[in-house]
Amino acid sequence: MTDPDPDMLAAEYALGLLEGTERASAMRRSLTDPDFAREVEWWRHRFTAMFDEYRPVAAPELQIDRIVAAPVAAPATPRSGFRWAFVPLAGAIAASVALLLSRPEPVVPPPPVAQPQPTLLAALAPTDQRGTPIAASIDLARNEVRVVAPGLAPAGKDAQLWIIRDGVPHAIGLLARTGATRLPLPAAERALLNTDAVLAVSIEPLGGSPEPTPTGPVVASGALART
Amino acid sequence: MTNATEERVRLYETLERVGTEDRDALGDLYRMTSAKLFGICLRICGDRSSAEDVLHEVYTIVWKRAGGFEAGPASPITWLATIARNRSIDWVRAHGRRTMRPIEDAMDVADDTPDQTVAAEQAETAQRLYKCLEELNAPQRDAIHTAFVDGMTYAEIADARGVPLGTMKSWVRRGLLQLRGCVGDD
């Protein structure tokens with residue numbers, strides 16, 4: 001057993017064995033490395049056979065009115081801050097993110113504790129692990145994504161924001177070259193939002209990626225967490 | 001019992017109707033799939049009350065997202081089951097697991113009477129996966145199986161089996177490598 005372990009990252013990611021930094025780096029790789037992404041898909045397809053292991057159990061009565069009326073399929077209760085665990089100095093970053101984001105709009109009071117429409121925060125760690133994390137938030141009351149990340153894109157390029165659910169990126173919009181960026185959260189994303197989602201920024205041709213997925217390097221990414 | 005293809009087509013048509021915000025279709029879909037999905041939620045969440053909450057969330061997602069379902073490589077039941085599994089895992093990672101099943105129970109796969117929903121659709125893929133899993137040693141097979149079915153991470157499985165994390169990772173990686181070699185040639 002002195003041989004190094006084989007690299008089975010795609011299978012481990014597909015199976016859901018990873019957490020923390022390992023999971024984040026696998027997710028990042030699935031966005032930037034098409035071969036890796038294909039391998040993850042290959043494994044996912046193989047593993048679906050195990051769905052038959054689950055024995056059916058009679059479900060409670062359908063509460064159709066609650067489902068049809070539900071404004072959003074967000075997680076039912078607030079999460080703990082465990083997803084910060086993989087970000088170094090998590091507490092300090094969370095605090096500075098909150099501070100940064102509150103600055104552009106000082107007239108809005110902080111939401112009361114029991115407010116049902118919280119704000120989701122993410123600290124997008126730079127891929128090269130240098131520099132400071134990018135502050136991002138999703139204001140569920142306003143359906144708005146805010147990012148403070150001026151000057152990310154070099155001349156002739158745009159920085160594009162993505163939300164990644166279940167390993168699939170969905171474009172949110174382009175980041176402003178100066179100051180804070182505010183982007184409307186697409187209704188489809190809003191409905192499906194959960195704190196498993198990751199925000200990521202890629203560098204793209206002017207006007208954004210010509211493809212439905214990022215074509216340029218992902219320069220920063222981070223998981224969403226509830227405030 | 002209708003055959004797998006008929007079942008699949010019927011489910012696909014129902015999902016299409018749900019996608020047009022047809023409330024009756026949602027009721028039909030629930031009748032057709034809720035026992036299966038509830039079984040998934042219950043197994044991963046470990047208690048009934050959490051599983052009920054997650055199941056509700058799953059159908060809320062399906063209600064909003066059915067219009068976006070595309071018949072691709074994923075069959076409707078696989079698509080629904082994946083949502084149920086992912087949301088259940090999301091739940092337990094946020095709230096912790098209520099009950100840990102004893103090892104004997106998790107090992108006792110052979111006694112389960114699985115339903116054949118997915119296997120019937122993907123008979124060849126399923127058979128090959130199980131044949132190849134059989135060729136692994138018992139701890140490897142158990143860990144891979146537990147990761148999928150119970151939605152557990154390396155750390156959780158190592159803890160539940162009383163094995164050091166590094167050892168568990170090593171076992172599983174070697175098992176996955178062997179599995180890839182075995183199922184790979186298709």
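Here is the naming used below: chain letters follow the sequence lines, and residue numbers restart at 1 for every chain. Below, each value reflects all heavy atoms present in this structure, side chains not excepted, and no hydrogens, waters or symmetry copies.
- Within the 4.5 angstrom heavy-atom criterion, atoms from both the backbone and the side chain of B:F148 approach chain A.
- No part of B:R31 comes within reach of chain A, as not one of its non-hydrogen atoms sits under 4.5 angstrom from that chain.
- Scanning for side chain to side chain contact (heavy atoms under 4.5 Å, CB included) contacts around B:A143 gives B:I157, B:M168, B:V172, with sequence neighbours left out.
- A:E41 and A:R44 are joined by a salt bridge, as a carboxylate oxygen and a charged side-chain nitrogen come within less than 4.0 angstrom of each other.
- Interface residue A:E39: only side-chain heavy atoms are found under 4.5 Å from chain B.
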Decide yes or no on side-chain hydrogen bond (donor to acceptor under 3.5 Å, both in side chains) for A:S209 and A:Q160, but give the supporting numbers first.
CA-CA 8 Å; A:S209 171; A:Q160 188 165 14; 4.7 Å; no
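- Here B:R87 does not pair with B:D53 in a salt bridge; the nearest charged N to carboxylate O distance is not below 4.0 Å.
- Contact tally against chain A (heavy-atom pairs below 4.5 Å) for B:G151, B:A84, B:G39: the top residue is B:G39.
- Contact annotation for B:L26: both backbone and side-chain heavy atoms come within less than 4.5 Å of a heavy atom of chain A.
- Ranked by non-hydrogen atom pairs under 4.5 Å with chain A, the options B:L133, B:T82, B:I89 are led by B:T82.
- In this structure A:L18 satisfies the side chain to side chain contact (heavy atoms under 4.5 Å, CB included) test together with A:L9, A:E12, A:Y13, A:E22, A:R23, A:A26, B:Y154, sequence neighbours excluded.
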